[in-house]
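Beneath this line is the structure, given in structure tokens, with notes to follow.
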Amino acid sequence: MSELLEAVRSGASGRELAEIDLPTRYRAAFTRKDEVGIFAGQADKDVRRSMHVGEVEMPEIAPDECVVAVMAAAINFNTVWSAIFEPVPTFAFLEKFGRQGWYGARHDLPYHVLGSDGSGVVVRTGAGVKHWKVGDRVVISPSYVDEEDHGSYDDGMMSETQLAWGFETNFGSLGDYCVVKANQLIRKPAHLTWEEAGSNTLCAATAYRMLVGTHGARMKQGDVVLVWGATGGLGSFATQLVLNGGGIPVAVVSSEEKAEIVRAQGCEHVIDRTELDLGEDGLRNPKAGRILGEAIRARVGEDPGIVFEYLGRETFGTSVYVAKRGGKIVTCGSSTGYKHEYDNRFLWMRLKSIIGSHGFNYHEAVQVNRLFGLGMIHPTLSRSYTLEDAGEATRAVQTNEHIGKVAVLCGATAEGQGIDDPALRERVGEEKFHLFRR
């Protein structure tokens, strides 16, 4: 354990932290380039085989970068993709990045430190960093944008150089330290624990862009929004954003247990898809759209104006069908398959729109974290693991054994640390932070 990390844990001041040497090596969870083919021909690509925890080299930082002592991180599905080396090995991204000169070449290594969500304390700043200082308590946006790319000034996601940090770059959050660009840092909500704060940004900001931001569905008061997978990482935040923005969420879940969680969030209209008479084909039943549409209208009296879609092949045809005339299907992923099939008549003849949404820009990440900071939306953390058990945490997400978000304690020694504003937490209500706990 480094002296610097011990000082962070003890609450040392920024000046004190700056006087302690940055370690040359640190503990992290990573994949190895020489293991890319280990799952060939295997049905169960168990990520516990490909994820390793050990010491890695501390890289030299660029002028626009910071080193953050990571207190807690979170598992997202891109960590699963990295660990199973699909749809392409992430080392291909690192090799491409490595051709962009010295800054990129640092990332092209025989190991890949994973992780795209985190919270912690700034312990070093590059010479060009103006707005952050050592000792600042932060959360990290995983949107990695080159500020010299002109596209980033319109919308960071339209930049040709935009990358997913910890997935398409190295030195991610699953370690005692990570390396970030200064324009990835956001003030940590003061009433949240390290693990709560470090588990939100990727999914919550993605949902914010899809529903609220100017590049997504632009939800307005009274909009009926169908939310697939409403207790998942994305869906659990989508439900809250719809409620907070004056919309009417209709949550789709797969069990009564999950239905109770969504109701506890304040969602009145919940559909347990296992109770729909869909037959053996499930949502691929040609009549699935009609059956689900009837269930939605029975609850709210109309078809949804927005469908929050990220499941893909299994649900997309139904999503297109159930949206109302002129409605919007906003999609950011395809966790059940990328090749979607739908009846185009229901799209063009009823003037519906499909909106592709990917990630989020820095402004959207800051705005959604502001909502956390105000206590208007809340973390959906279900369980925390230690860094040594990062493979187990990723396996839980891979096999869908989780609900909400899964955290990994890195520098934090136990859950519950990092709260700076207990009074706000009390006003919000401690129960809000435990709805997803298992």
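Sequence positions, counted from 1, serve as the residue numbers for this chain. Keep in mind it's a predicted model, so treat the numbers as computed, not measured.
- Salt bridge status for Arg297 with Glu302: absent, with no side-chain N to carboxylate O gap under 4.0 Å.
- Listed for the Asp108 side chain is no donor-acceptor partner under 3.5 Å among the backbone atoms of Ala105.
- Here Lys130 does not pair with Asp64 in a salt bridge; the nearest charged N to carboxylate O distance is not below 4.0 Å.
- Two residues are said to be in side-chain contact when any heavy atoms from C-beta on lie closer than 4.5 Å; Ile306 and Val224 fail this criterion.
- Residues Glu364 and Arg209 are paired through a salt bridge, judged by an N-O separation under 4.0 Å between the basic side chain and the carboxylate.
- The pair Glu401-Arg383 does not meet the salt-bridge criterion, since no charged nitrogen lies less than 4.0 angstrom from a carboxylate oxygen.
- Each of Tyr310, Tyr338, Tyr321, Tyr342 was evaluated against Phe316; a single residue qualifies, Tyr342, per the ring-ring contact (aromatic ring centres under 6.0 Å, His included) test.
- Inspection of the Thr386 and Glu388 side chains reveals no N or O donor paired with an N or O acceptor under 3.5 Å.
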Could you walk me through whether Arg438 and Glu257 pass salt bridge (Lys or Arg N to Asp or Glu O under 4.0 Å), step by step? CA-CA 11 Å; Arg438 292 295 178 269; Glu257 178 191 12; 3.0 Å; yes

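- A salt bridge links Lys45 with Glu86: the closest approach of a Lys/Arg side-chain nitrogen to an acidic carboxylate oxygen falls below 4.0 angstrom.
- Checking Asn78 against Ser116 by side-chain atom types alone, a donor-acceptor pair falls below 3.5 Å.
- Between Glu309 and Lys328 no salt bridge is recorded (no basic side-chain N to carboxylate O distance below 4.0 Å).
- Side-chain atoms of Gln398 and Arg48 form no donor-acceptor pair, as typed in the model, at a separation below 3.5 Å.
- Checking Ser334 against His340 by side-chain atom types alone, a donor-acceptor pair falls below 3.5 Å.
- Taking CH2 from Trp132 and OG1 from Thr125, the interatomic distance works out to 12.0 Å, rounded to the nearest 0.5 Å.
- Heavy atoms of other residues, nucleotides or ligands lying less than 6.0 angstrom from CG of Asp277 number 12 at most.
- Close placement of the Phe167 and Phe93 rings is indicated, their centers lying within 6.0 Å of each other.
- In this structure, the ring of His378 has its center no less than 6.0 angstrom from the ring center of Phe372.
- Between His112 and Phe91, the angle of the ring planes goes over 60°, which puts this pair in the perpendicular group of the 30/60° scheme.
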Using side-chain contact (heavy atoms from CB on, under 4.5 Å), reason through Val225 and Val250 one step at a time and then give a plain yes or no. CA-CA 6 Å; Val225 183; Val250 179; over 6 Å; no

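- Glu195 and Lys405 are not joined by a salt bridge, as no carboxylate oxygen comes within less than 4.0 angstrom of a charged side-chain nitrogen.
- At least one side-chain heavy atom of Trp194 sits less than 4.5 Å from a side-chain heavy atom of Val121.
- Between Thr239 atom OG1 and Leu211 atom CG the span is 9.5 Å, to the nearest 0.5 Å.
- Within the 4.5 Å cutoff, the side chain of Ile291 has heavy atoms near those of the Leu278 side chain.
- Nearest heavy-atom pair across Asn170 and Tyr111 is ND2-O, 2.9 Å.
- Between Met157 atom CE and His358 atom NE2 the span is 4.0 Å, to the nearest 0.5 Å.
- Relative to the ring axis of Trp102, Arg106 places its NZ or CZ within 45° and under 6.0 Å from the centre.
- Among the candidates Asn369, Asp420, Asp136, Val138, the single residue satisfying the side-chain contact (heavy atoms from CB on, under 4.5 Å) test with Lys188 is Asp420.
- Around the CD atom of Glu431, the shell of radius 6.0 Å holds more than 12 heavy atoms that belong to other residues, nucleotides or ligands.
- Considering every non-hydrogen atom in both Ala365 and Ala205, the closest pair reads CA-CB, 4.0 Å.
- Atom CZ in Phe30 sits 12.0 Å away from atom CG in Leu174 (nearest 0.5 Å).
- Taking every heavy atom of both residues into account, Gly312 and Thr336 meet most closely at C-OG1, 3.7 Å.
- Shown here for Ser382 and Val406, the closest heavy-atom pair between the two residues is OG-CG2, 4.2 Å.
- A donor-acceptor pair shorter than 3.5 Å cannot be found between the side chains of Ser143 and Ser141.
- Between the CG atom in Leu347 and the OG atom in Ser319 there is a gap of 12.0 Å [rounded to 0.5 Å].
- Taking a 6.0 Å sphere around CD of Glu430, one finds it holds more than 12 heavy atoms contributed by other residues, nucleotides or ligands.
- At least one side-chain heavy atom of Leu283 sits less than 4.5 Å from a side-chain heavy atom of Trp228.
- The environment of His363 atom NE2 is sparse: at most 12 non-hydrogen atoms of other residues, nucleotides or ligands sit within 6.0 angstrom.
- Salt bridge annotation for Arg437-Glu415: present, with a cationic side-chain nitrogen under 4.0 angstrom from a carboxylate oxygen.
- Looking at heavy atoms from C-beta onward, Val145 lies out of side-chain contact with Lys181 at the 4.5 angstrom threshold.
- Annotation: side chain of Asp117 is not in contact with side chain of Ile140 (no heavy-atom distance under 4.5 Å).
- Within the 4.5 Å cutoff, no side-chain heavy atoms of Arg187 are placed close to those of Arg137.
- Between Val330 and Val307 the shortest side-chain heavy-atom distance does not fall below 4.5 Å.
- For the atom pair CZ (Arg32) and CG (Leu109), the distance works out to 14.0 Å, reported to the nearest 0.5 Å.
- Between Val68 and Leu185, the shortest heavy-atom distance links the atoms CG2-CD2, 4.1 Å.
- The existence of a salt bridge linking Glu35 and Arg49 is excluded, since no basic side-chain nitrogen approaches an acidic carboxylate oxygen closer than 4.0 Å.
- Within a 6.0 Å radius of CD in Glu256, more than 12 heavy atoms belonging to other residues, nucleotides or ligands are found.
- The six-membered or imidazole ring of Phe97 lies near that of His107, with a centre-to-centre distance under 6.0 Å.
- In terms of heavy-atom proximity, Phe433 sits nearest to Val428 at CZ-CG1, 3.8 Å.
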